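For reference, the structure is listed below as structure tokens.
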Amino acid sequence: MAEKGSAADPLPALIGLLRESYGEIAWWPGGPEEVMIGAILTQQTKWENVERALDNLNVLDCCSLEGVLSLSLSELEEAIRCTGFFRIKSQRLRALSMAVRDVGGRSVLEKMSLSELREWLLSLHGVGPETADSILCYALNRPSYVIDAYTERICGCAGIPEKGAALKARFEEVLVPENKEYRLCHAWCVEYAKDYCGAKRCNECIVKNLNE
DNA sequence: TGCCAGGGATTAG
DNA sequence: CTAATCCATGGC
């Protein structure tokens with residue numbers, strides 16, 4: 001329920017600005033299982049290092065859920081070492097792969113409702129909100145908006161104070177509720193943050209005071 | 001050289 | 001319930 005009369009809602013303005021700046025960009029390449037693996041590997045890690053690990057797995061012909069399970073623990077750890085946290089992540093990849101296998105494979109996931117599937121993902125050890133939503137949005141083509149640290153940072157600059165689940169809800173009420181829109185907007189946020197936002201504070205942040 | 005990266009789980013207060 | 005701390009490598 002957006003109130004009228006007070007200041008304009010900065011979120012539509014922010015989304016419009018990002019859309020004009022970046023338009024139709026391609027993002028998060030790879031098939032469903034490679035995306036699922038990448039979603040774990042990219043936790044607190046630069047994407048360039050994730051790509052190296054995915055390349056390593058592809059060379060081994062193991063960049064898939066069954067492929068992950070076919071490797072010994074030390075082989076898996078070695079392949080993903082360059083992403084950091086490799087002991088934890090190797091366990092998380094195994095847990096995810098085994099969970100999908102145990103539930104009956106990806107075809108079973110396709111039949112689950114969005115909320116059911118999201119809860120299932122969140123129940124897995126090592127899958128939190130961002131990883132779950134990334135898998136939903138980019139691997140399984142579901143309309144679940146991804147909130148990451150970048151998005152919260154940009155929104156903070158733009159005068160949108162919500163975080164986490166509340167911020168996710170805000171994006172989902174403003175955007176056209178389609179997977180493609182969710183993908184695009186999240187991609188814009190990340191590209192924007194890479195271009196303009198440092199870790200501690202924004203550099204030349206162009207979203208500040210959007211509604212003034 | 002020190003800081004941070006497209007988080008999440010665990011422990012502490 | 002919020003705030004630290006750990007996990008670990010690689011790049012600037």
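Each chain gets a letter, A, B and so on, in the order the sequences are listed, and its residues count up from 1. Note that these values count all heavy atoms, side chains included, but never hydrogens, waters or copies made by symmetry. Note that the structure is predicted; figures quoted are calculated from it, not measured.
Close to B/dG7, at under 4.0 Å from its OP1 or OP2, lies no side-chain N or O of A/T45. The side chain of A/Q44 places an N or O atom within less than 4.0 Å of a non-bridging phosphate oxygen (OP1 or OP2) of B/dG7.
The nearest whole Å value for the distance from the NE2 atom in A/H125 to the C1' atom in B/dG8 is 8 Å. B/dG7 atom P lies 16 Å from atom NZ of A/K168, rounded to whole Å. Whole-Å rounding puts the A/I88 CD1 to C/dC7 P distance at 8 Å. Atom CG in A/L41 sits roughly 13 Å away from atom P in B/dG7 (whole-Å rounding). Straight-line distance from the CZ atom of A/F85 to the C1' atom of C/dC7: 5 Å, rounded to whole Å. When rounded to the nearest whole Å, the span between CD of A/Q43 and C1' of C/dT9 equals 15 Å. The nearest whole Å value for the distance from the CD atom in A/E51 to the C1' atom in C/dT9 is 17 Å. In this structure, A/W47 atom CH2 and C/dG11 atom P are separated by 16 Å, rounded to whole Å.
Distances were taken from every side-chain heavy atom of A/R92 (C-beta onward) to each of B/dG8, B/dA5, C/dA8; the shortest belongs to B/dG8.
In this structure, A/V127 and A/K46 both approach DNA chain B, and ranking their closest nucleotides by distance from the 5' end singles out A/K46. Residues A/P129 and A/N49 each lie close to DNA chain B; by heavy-atom proximity, the contact nearer the 5' end of the strand is made by A/N49. A residue-by-residue look at A/R87 and A/R52 shows that A/R87 has its nearest nucleotide of DNA chain C further toward the 5' end.
The environment of NZ in A/K180 is sparse: at most 12 heavy-atom neighbours from other residues, nucleotides or ligands sit within 6.0 Å. Crowding of A/D102 atom CG: a count of heavy atoms from other residues, nucleotides or ligands under 6.0 Å exceeding 12.
Taking atom P in both C/dA8 and B/dT11, the straight-line distance is 15 Å, to the nearest Å. Taking atom C1' in both B/dG8 and C/dG11, one finds a spacing of 23 Å when rounded to whole Å. Nucleotides B/dT1 and C/dC7, compared at atom P, are 22 Å apart to the nearest Å.
Using a 4.0 Å heavy-atom distance criterion, A/V146 is classed as making no nucleic acid contact. At the heavy-atom level, A/F86 lies under 4.0 Å from the strands shown only through sugar-phosphate atoms. Contacts of A/E130 with the nucleic acid, taken as non-hydrogen atoms under 4.0 Å apart, involve only primed sugar atoms and P, OP1 or OP2. Within 4.0 Å of A/G128, counting heavy atoms only, lie sugar-phosphate atoms of the nucleic acid but no base atom.
In this structure, the side chain of A/E77 does not engage the main chain of A/S74 through any donor-acceptor pair within 3.5 Å. Side chain of A/W188 to backbone of A/G23: a donor-acceptor contact under 3.5 angstrom is found.
When all heavy atoms of A/S64 and A/I37 are compared, the closest pair comes out as N-CD1, 3.6 Å. Contact between A/D133 and A/S144 at its shortest, heavy atoms only, is OD1-OG, 2.7 Å.
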